[in-house]
Amino acid sequence: MLRRLSPEQRDVVSLRYAGELKFSQIAQVLGKSTAAVRMIHHRALKALRANYAKDREEVEGIGRQ
């Protein structure tokens with residue numbers, strides 16, 4: 001699922017969850033504003049949810065045939 005995200009989104013999500021960094025720390029690492037990092041994170045989670053839902057529908061659709 002993470003491979004489907006942009007490299008920037010992957011970096012933010014990885015630093016947030018695997019690195020356990022705060023948004024302000026991620027912003028420093030990436031040289032961006034905290035607001036920009038929050039927006040990238042929000043869009044990444046939105047994309048992950050959409051991809052998960054799409055994959056789940058495809059799997060359930062295959063099981064129904």
Side-chain angles (χ1 to χ4, degrees):
M1 287 275 200
L2 290 177
R3 283 185 242 141
R4 296 182 189 174
L5 298 177
S6 72
E8 186 175 60
Q9 289 174 328
R10 276 195 304 268
D11 288 344
V12 169
V13 170
S14 295
L15 290 169
R16 179 72 174 152
Y17 297 108
E20 298 181 354
L21 298 180
K22 297 177 182 178
F23 289 115
S24 59
Q25 295 170 314
I26 297 169
Q28 282 184 321
V29 169
L30 299 180
K32 297 188 176 294
S33 70
T34 302
V37 169
R38 285 181 179 275
M39 183 56 68
I40 294 165
H41 180 263
H42 171 76
R43 290 178 179 159
L45 293 184
K46 186 176 177 180
L48 286 171
R49 285 185 195 108
N51 288 333
Y52 176 79
K54 181 181 174 186
D55 286 355
R56 187 171 174 162
E57 286 175 9
E58 288 176 5
V59 168
E60 289 176 358
I62 291 170
R64 292 181 189 155
Q65 293 177 352

Identify, with sequence neighbours excluded, every residue that meets side-chain contact (heavy atoms from CB on, under 4.5 Å) alongside Lys22. Ser24, Gln25

With sequence neighbours left out, which residue pairs that include part of residues 5-34 fulfil the ring pair (Phe, Tyr, Trp, His ring centres under 6.0 Å) condition? Tyr17-His41, Phe23-His41

side-chain contact (heavy atoms from CB on, under 4.5 Å) partners for Arg49, two or more places apart: Leu45

Which residues pass the side-chain contact (heavy atoms from CB on, under 4.5 Å) test with Arg3, sequence neighbours left out? none

Are Val12 and Leu21 grouped together when hydrophobic residues (ILVMFWY) are joined by side-chain heavy atoms under 4.5 angstrom apart? yes

Which pairs would a plain distance check flag for residues 26-40, meaning a side-chain donor or acceptor within less than 3.5 Å of a matching protein atom at least two apart in sequence or in another chain?
from: Lys32; atom 1: NZ; to: Glu8; atom 2: OE2; distance (Å): 2.9
from: Ser33; atom 1: OG; to: Ala36; atom 2: N; distance (Å): 3.0

Residues two or more places apart in sequence or in another chain: which of them pass salt bridge (charged side-chain N to carboxylate O under 4.0 Å, His left out) with Arg4? Asp55

